[in-house]
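Report on the following structure.
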Amino acid sequence: MRLTRSLIPTLKETPAEAQIASHRLMLRAGLVRQTAAGIYAWLPAGLRVLRNIGQVVREEQDAIGCQEVLMPTLQPADLWRQSGRYDAYGPEMLRVKDRHERDLLYGPTNEEMITDLLRQSVKSYRELPQMLYHIQWKFRDEVRPRFGVMRGREFLMKDAYSFDLDYAGAVLSYRRMMLAYMRTFQRLGVKAIPMVADTGPIGGDLSHEFIILAPTGESGVFFDAGFEEIDWLAADFDASKPEDLERFFTQMTSLYAATDEKHDAAAWAKVPADRRREGRGIEVGHIFYFGRKYSEPMGLTVAGPDGAQIIPEMGSYGIGVSRLVGAVIEASHDEAGIIWPDSIAPFRAAILNLKQGDATTGAICETLYAKLGANALYDDRDERAGVKFNDADLMGHPWQIVVGPRGAANGKVELKRRAGGERVELSVEDALARVLGA
RNA sequence: CGGGCAGUAGCGCAGCCUGGUAGCGCAUCAGUCUGGGGGACUGAGGGUCGUGGGUUCGAAUCCCGCCUGCCCGACCA
């Protein structure tokens, strides 16, 4: 995109309502604008990030055989009456009536709806297991929305649901999803630590929160350094092999990790001192097994091989997609602005024409822009160099290609890496190769 | 939902106490100079002072109601 043709309204000053870094930077970098408390409009650059995160999530869900669907935001209250949650859910649920006075609700989650879908379409044990997900807007009428997009009322979430014939199958689905999550978060450029979470009335050990480390995180975390050392994209765990999933899960759960609420000083003491890591974290995902909590009351059954009806075992698996935008920024920024991981940056590179109107720099910029296309944001404004440097740092493009009259005379440009700040002078071709190759 | 704070130009703020036709910085627009880390000069545009009522000759300013937003707490992906 050409910046002169884009709606990317950067702000030099911080709006008074933004307190934490990610909120401040999202407003300043022109990613979002608030519409009402906890409700945001996503501007072009912000939407690109949101979509990029969604795409990584989607690819990793697809990779474990989880199928994408898209369920509506508005749901009939009757479905929720069947599970008993219509009355159990408090004022956090946004309830509305249609013109016929029928009760509807803006979905805060989709267990009832997905259970209903399976109930309508799955009749035999041969059709299980199934795993389905969607990426959809949710609404929870939080009493006190805050921290920008991190704790909004309207939020974009990936939620997945698994249906298995028995507990052993549900365990496999759970572990498979957990492995997908480790890969997903690594691809998003953040360190996510799975922490044992409260299982409530369900019991068991199949509930984990995924917490990414950020100094401004809402809860304190304690974990074994082992979590930071594993390269999930290279690890030899095959999600289709139960024995691999077993090995994976054992490794995961053998390492200590807990939030401050569940911190166990005795267990912590057993972790070698040089492997203890403490910090703060933000919850960006949650997976849990809940058995027949919905399938049973809602009457989801399939015929077994002997003709007996089987009530499927379910689990659900969330990732806060819009929250991740804020969380990633919390985990990756400096005084100057955002530092986007390559995988989700709105633009891979910014092209900074330091002397707009100059024939030489202009020609080089146009060449770069033609080659990079949608990967690039071309700052073609008639602004001073300093303004362009500052905005590029603020917006956090992984690469900045600086085209100034000095270098341009010799066909050189300067390539700056946002993370780390190294700059090198290169030929146009070499700069392109670096940016596209990285 | 309890406690606190705040709504004045796109953003950040002053003016309010002590009522008298609305101001500063940045941003925007035009022009000139400039040109590698938010530049300079000249000129210009932009405001139902959140909203409804009250007091008054006169209200951004005083009084009452309402709405909205922010912070702390309890709650949460």
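A note on names: the letters A, B, ... follow the listed sequences, proteins ahead of strands, and every chain is numbered from 1. Just the heavy atoms: all of them, side chains too, but no hydrogens, waters or symmetry mates, feed the values below.
For the residue pair A:Asp393 / A:Gln400, a side-chain donor-acceptor distance below 3.5 Å is found, with atom types taken as modelled. In the model, A:Asn375 has no side-chain atom that pairs as donor or acceptor with a side-chain atom of A:Tyr369 under 3.5 Å. A donor-acceptor contact closer than 3.5 angstrom links the side chains of A:Ser162 and A:Tyr317.
Applying salt bridge (charged side-chain N to carboxylate O under 4.0 Å, His left out) to A:Arg151 and the options A:Glu330, A:Glu218, A:Glu142 leaves one that passes, A:Glu142.
Under the Watson-Crick and G-U wobble criteria, each requiring two contacts below 3.5 Å, nucleotide B:A22 is left unpaired. When Watson-Crick and G-U wobble pairs are counted only if both distances are under 3.5 Å, B:G43 pairs with B:C29.
Ring pair A:Phe222/A:His263: centre-to-centre distance below 6.0 Å. For A:Tyr174 and A:Tyr289, the distance between ring centers is not under 6.0 angstrom. With ring centers used as reference points, A:Phe210 lies 6.0 Å or more from A:His208. Aromatic rings of A:Phe290 and A:Phe288 (six-membered ring for Trp) have centroids within the 6.0 Å cut-off, being under it. Centroid-to-centroid, the aromatic rings of A:Trp268 and A:Tyr256 come within less than 6.0 Å.
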Heteroatom pairs (N/O) under 3.5 angstrom, protein to nucleotides 11-15 of chain B:
| unit_1 | atom_1 | unit_2 | atom_2 | d |
| --- | --- | --- | --- | --- |
| B:C11 | O2 | A:Glu13 | OE1 | 3.1 |
| B:G12 | OP1 | A:Ala16 | N | 2.5 |

Taking N or O atoms only and anything under 3.5 Å, show me the protein contacts with nucleotides 42-44 of chain B, one pair per line.
none

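Side-chain to base pairing of A:Asp391 with B:G38: one donor and one acceptor N or O lie within less than 3.5 Å of each other. Side-chain atoms of A:Glu414 come within donor-acceptor range of the base of B:G36, with a qualifying N/O pair under 3.5 Å. Contact of A:Arg384 with B:G39 (side chain to base): a donor-acceptor pair of N or O atoms is detected under 3.5 Å. A donor-acceptor contact under 3.5 angstrom links the side-chain atoms of A:Asp382 to the base of B:G35. Applying the 3.5 Å distance criterion, the base of B:C76 shares no donor-acceptor pair with the side chain of A:Arg140.
Between the CG atom of A:Asp358 and the C1' atom of B:G36 there is a distance of 13 Å, rounded to whole Å. When the P atom of B:A77 is taken as reference, atom CZ of A:Arg151 falls 9 Å away, rounded to whole Å. Atom CG in A:Leu27 sits roughly 16 Å away from atom P in B:G10 (whole-Å rounding). Between the CD atom of A:Gln19 and the P atom of B:A6 there is a distance of 14 Å, given to the nearest Å. Look at OH on A:Tyr317: it is 17 Å from P on B:A77, rounded to the nearest Å. We find that CZ of A:Arg323 is positioned 8 Å from C1' of B:C76, with the value rounded to whole Å. For A:Arg381 and B:C29, the CZ to P distance is 12 Å, given to the nearest whole Å. One atom, CD of A:Glu111, and another, P of B:A77, lie 11 Å apart when rounded to the nearest Å.
On the P atoms, B:U48 is 9 Å away from B:G10, given to the nearest whole Å. B:G31 sits 23 Å from B:G36 when the P atoms are compared, rounded to a whole Å. Between the P atoms of B:A9 and B:G46, the separation comes to 15 Å (whole Å). Using atom C1' as the reference point in both B:C62 and B:C49, the two lie 16 Å apart (nearest Å).
Remark: A:Asp391 does not engage A:Lys12 in a salt bridge, criterion side-chain N to carboxylate O under 4.0 Å.
Out of B:G36, B:G35, B:C71, the shortest distance to the side chain of A:Arg146 is found at B:C71. When the nucleotides B:G36, B:G35, B:C75 are ranked by their closest atom to the side chain of A:Glu142, B:C75 comes out on top.
Applying the 4.0 Å criterion to OP1 and OP2 of B:C71, one finds that A:Arg144 has a side-chain N or O inside that range. Regarding contacts with the backbone of B:A27, a side-chain N or O of A:Lys12 is found under 4.0 angstrom from either OP1 or OP2. A:Gln34 has no side-chain polar atom (N or O) that falls below the 4.0 Å cut-off from OP1 or OP2 of B:U68.
Between A:Leu118 and A:Leu132 there is a side-chain heavy-atom pair separated by less than 4.5 Å.
Here A:Phe389 does not pack flat against the base of B:G36, since the 5.5 angstrom centre distance and 30 degree tilt limits are not both met.
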